[in-house]
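Note that this is a predicted model, so its numbers are computed, not measured. Values reported hereafter were calculated over all heavy atoms of this structure, with side chains retained and with hydrogens, waters and symmetry mates removed.
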4 protein chains.
Amino acid sequence: MNEPRLGLAAHSARRRAELVRAAYELVTTRGYRAIGVDDIVLRAGVSHGTFYNYFANKRDILDAVLDHCFDVIRERLIGEDAIPASLDEFRARFGRIVDRCYDLVAGEPGLVNFLLFEAASIDDQVIERVMHNAQIDGAAAAQEVGLGIEHGYLDPRLDTRIAGEVMLSVLMSALLAAVHSGSVGLTRERVRTQLTDFLARALGVEP
Amino acid sequence: MNEPRLGLAAHSARRRAELVRAAYELVTTRGYRAIGVDDIVLRAGVSHGTFYNYFANKRDILDAVLDHCFDVIRERLIGEDAIPASLDEFRARFGRIVDRCYDLVAGEPGLVNFLLFEAASIDDQVIERVMHNAQIDGAAAAQEVGLGIEHGYLDPRLDTRIAGEVMLSVLMSALLAAVHSGSVGLTRERVRTQLTDFLARALGVEP
Amino acid sequence: MNEPRLGLAAHSARRRAELVRAAYELVTTRGYRAIGVDDIVLRAGVSHGTFYNYFANKRDILDAVLDHCFDVIRERLIGEDAIPASLDEFRARFGRIVDRCYDLVAGEPGLVNFLLFEAASIDDQVIERVMHNAQIDGAAAAQEVGLGIEHGYLDPRLDTRIAGEVMLSVLMSALLAAVHSGSVGLTRERVRTQLTDFLARALGVEP
Amino acid sequence: MNEPRLGLAAHSARRRAELVRAAYELVTTRGYRAIGVDDIVLRAGVSHGTFYNYFANKRDILDAVLDHCFDVIRERLIGEDAIPASLDEFRARFGRIVDRCYDLVAGEPGLVNFLLFEAASIDDQVIERVMHNAQIDGAAAAQEVGLGIEHGYLDPRLDTRIAGEVMLSVLMSALLAAVHSGSVGLTRERVRTQLTDFLARALGVEP
DNA sequence: AATGAATGAGTCTTCATTCAT
DNA sequence: AATGAATGAAGACTCATTCAT
């Protein structure tokens with residue numbers, strides 16, 4: 001009846017994902033400390049005990065929530081852009097990503113706030129987890145830099161790994177700007193222009 | 001030894017201040033939610049019940065902690081600068097304040113983080129309290145703008161109240177930049193230059 | 001031994017009833033204010049936390065205790081008398097109920113005292129709860145009056161609802177008399193006679 | 001300055017009386033268990049510590065409050081009637097006392113309730129204290145019976161002590177009736193008539 | 001795997017009492 | 001005698017975790 005025919009493993013994975021999803025929504029809206037296992041299982045529609053079949057304890061699900069956060073961020077920011085073939089396309093692509101930062105902050109209120117603000121204060125392992133995810137994205141960014149070098153519009157002398165991290169840092173600035181979009185002189189357009197200019201100057205081949 | 005010779009009222013005020021100080025240190029390092037009344041009284045060296053002679057409940061001391069936060073900020077940021085008599089002095093003075101933002105973040109780690117991140121998530125009254133303090137500082141800033149207009153280096157058409165708030169916003173940007181000083185392209189010098197330039201352009205008399 | 005074979009719901013209901021029973025015994029012997037949740041769970045043989053699985057707080061169980069009080073009263077006072085078919089039988093039946101008031105006071109010392117004395121001082125909702133129960137009994141009494149009218153031994157002009165309430169008031173007098181049975185001139189026999197006479201005169205058909 | 005010229009002992013007695021008065025008002029309106037030493041000293045306008053200069057602990061003042069309760073009752077019930085010289089005057093005097101029971105319940109709401117309801121549940125010593133006061137009043141009543149016998153309108157075969165206690169019991173019934181004046185068939189007039197009749201029949205000389 | 005009742009350590013809060021001044 | 005700050009035992013309530021079914 002319920003979700004008929006599902007391999008046990010698949011069912012289990014779905015259950016787990018439901019719990020993570022529920023926890024994600026609660027954590028980003030109300031904060032990790034403010035919610036209880038009660039809230040999570042209530043929202044997921046399972047019993048108290050079931051939670052402990054999937055996670056060792058409350059802290060344990062936080063890792064999965066953090067991973068989910070980055071999944072959401074990637075999904076929302078990357079988009080389905082074509083691989084840029086010129087510096088202008090590279091610049092345009094990054095400009096769209098900056099715009100998507102604003103959309104992300106608007107569409108998932110609390111997500112960025114949670115990562116920037118509460119997460120780090122939970123414990124040191126959170127920071128490790130965030131770093132771990134940042135490394136994954138850094139590697140992806142490094143790969144894009146590599147492509148850019150191959151296409152000839154990024155400076156071939158760049159260390160792709162470092163350049164990838166710079167790209168992430170700039171993205172971080174965009175997210176920060178989006179969160180504090182009220183701050184002085186930080187219109188969306190200015191942020192987009194300044195950050196894309198910065199990246200193009202910093203990574204592009206010299207003219 | 002017992003702190004000889006102190007009026008009752010003075011003693012009471014000091015005791016209260018000790019509790020606030022203890023709570024301030026704990027809140028800015030470990031977060032409001034993460035600490036208990038136990039931690040506060042342990043650090044203040046008083047008994048459990050004494051806490052409740054000075055504060056109605058755990059939430060109650062938070063207001064005092066917030067006020068203390070702003071006291072610390074004012075003390076650390078204002079400095080003993082002479083009243084600026086020219087736009088250049090005004091600009092220099094604000095540049096020093098931006099520098100002090102970085103010193104503040106370094107010297108009181110956790111203070112700015114707490115205000116920016118956890119505070120707003122505690123309850124709505126926190127926001128009111130922060131706004132209340134911001135208004136006080138806004139008034140002070142407005143007064144400085146007034147002086148600048150009298151001295152002839154700030155634009156006389158300015159609404160001093162609004163201009164004061166703009167100054168605070170810019171200060172906020174400086175604090176944000178100081179907290180996330182790792183972010184790309186946000187060196188202390190660039191931040192100082194850009195923000196002072198912005199203020200000078202925005203508030204100064206037209207050349 | 002573990003109370004083998006019990007549906008979950010049944011077990012839950014039993015547990016709850018055990019807590020109510022324990023609280024009832026403590027409240028009627030020592031008073032609501034004088035006992036703690038500790039006392040209740042100790043007597044019920046469960047842990048502290050279990051209490052809060054069944055009741056929101058200490059005040060919450062009081063409602064259940066009050067209802068239990070009325071259950072006990074009904075069980076003890078009603079008896080298994082045949083439905084009276086004449087005024088004499090009606091009078092006899094009420095006389096037996098008056099007697100049972102004395103038995104109730106003897107058998108459940110503290111119950112009537114609690115209801116008459118402490119209950120009202122706890123809060124206003126207690127009074128509502130008592131009234132609610134009184135209305136239930138009033139309806140039952142009204143029904144009996146209706147039967148009496150049908151049988152022709154009670155005055156057909158009676159408003160059954162009001163007459164039911166009068167019956168309750170008289171019962172209340174009986175309980176009061178039973179509690180203060182030491183008072184002068186209030187022998188059980190006199191009380192029984194006077195109250196049954198009163199009711200018969202007040203409700204019976206005119207001779 | 002304050003209350004100039006008072007012997008120390010007199011001042012002390014007045015202080016003590018103020019505390020008892022404050023406690024009396026609080027106890028009869030809100031109940032002994034529901035109030036704290038805080039409430040008492042606040043109402044009396046003295047400090048926390050002062051309380052313990054006059055009473056060993058919270059329980060200690062209760063004895064004084066109980067005595068004060070009986071002082072109030074005596075003052076309110078006795079009145080300034082002339083000593084009765086005939087059975088009719090005796091009967092009239094007692095009728096007035098019954099009326100004053102109703103006035104007492106109206107004028108000192110909570111006093112009778114407290115004595116009848118909460119007092120006994122505090123501890124066993126309260127009961128002793130009440131009994132002690134009852135004995136005092138019983139002695140006074142016995143004395144009145146003695147006078148009645150001397151005047152020839154009360155039965156000379158009476159044991160005055162026992163007859164005094166009967167008078168108190170009847171008074172108790174009057175108070176109970178006054179408190180529960182809503183109960184069926186217990187109009188003030190009926191109560192007065194029945195109780196005075198009872199006393200006259202029980203104590204008067206045979207016709 | 002799922003359930004949810006049971007647990008108990010931990011937290012906040014109250015209040016009678018003590019004591020140095 | 002008066003003061004009121006300090007105390008700490010006690011009570012109410014929460015919630016992460018366990019476990020028998």
Hey, does A/Ile61 reach any base, or is it just sugar-phosphate, or nothing, if we go heavy atoms under 4.0 Å? nothing
End-to-end bend of the helix from E/dA2-F/dT21 to E/dT21-F/dA2 (five-pair axes, 10° rounding)? 10°
List the residues meeting salt bridge (Lys or Arg N to Asp or Glu O under 4.0 Å) with D/Asp60, not counting sequence neighbours, and say none if there are none. none
Could you give the CZ-to-C1' distance, from B/Arg14 to F/dA6, as a whole number of Å? 17 Å
Quick one: on DNA chain E, does D/Val37 or B/Gly36 contact a more 5' nucleotide (nearest heavy atom)? B/Gly36
Measure the shortest side-chain to side-chain distance between B/Glu108 and B/Val72 over non-hydrogen atoms and say whether it is less than 4.5 angstrom. yes
Between A/Leu66 and A/Leu115, is any pair of side-chain heavy atoms under 4.5 Å apart? yes
For DNA chain E, what residues of residues 39-60 of chain D have any heavy atom nearer than 4.0 Å? D/His48, D/Tyr52, D/Asn57, D/Lys58
Non-hydrogen atoms of B/Arg33 and B/Lys58 that approach each other most closely: O-NZ, 4.0 Å
Could you list all the ring pair (Phe, Tyr, Trp, His ring centres under 6.0 Å) pairs where at least one residue sits in residues 13-45 of chain A, not counting sequence neighbours? A/Tyr24-A/His68
State which residues pass side chain to side chain donor-acceptor pair (under 3.5 Å) with C/His48; sequence neighbours excluded, sorted by chain then number. C/Asp38
Taking only residues two or more places apart in sequence or in another chain, which ones pass salt bridge (Lys or Arg N to Asp or Glu O under 4.0 Å) with C/Arg43? C/Glu25
Using whole Å, report how far CG of C/Asp38 lies from C1' of F/dC13. 11 Å
Any carboxylate oxygen within less than 4.0 angstrom of a Lys/Arg side-chain nitrogen, looking at A/Arg21 and A/Glu18? no
Rounded to whole Å, the CD-P distance (C/Glu18 to E/dA5) equals 14 Å
Using whole Å, report how far CG of B/Leu62 lies from P of E/dC12. 13 Å
Criterion side chain to side chain donor-acceptor pair (under 3.5 Å) against B/Arg129, the qualifying member of B/Asp67, B/Asp124, B/Asp123: B/Asp67
OP1 or OP2 of E/dA5 versus the side-chain N and O atoms of C/Arg15: is any pair under 4.0 Å? no
Per atom distances to the B/His11 side chain, the nearest of F/dA2, E/dA6, F/dA5 is F/dA5
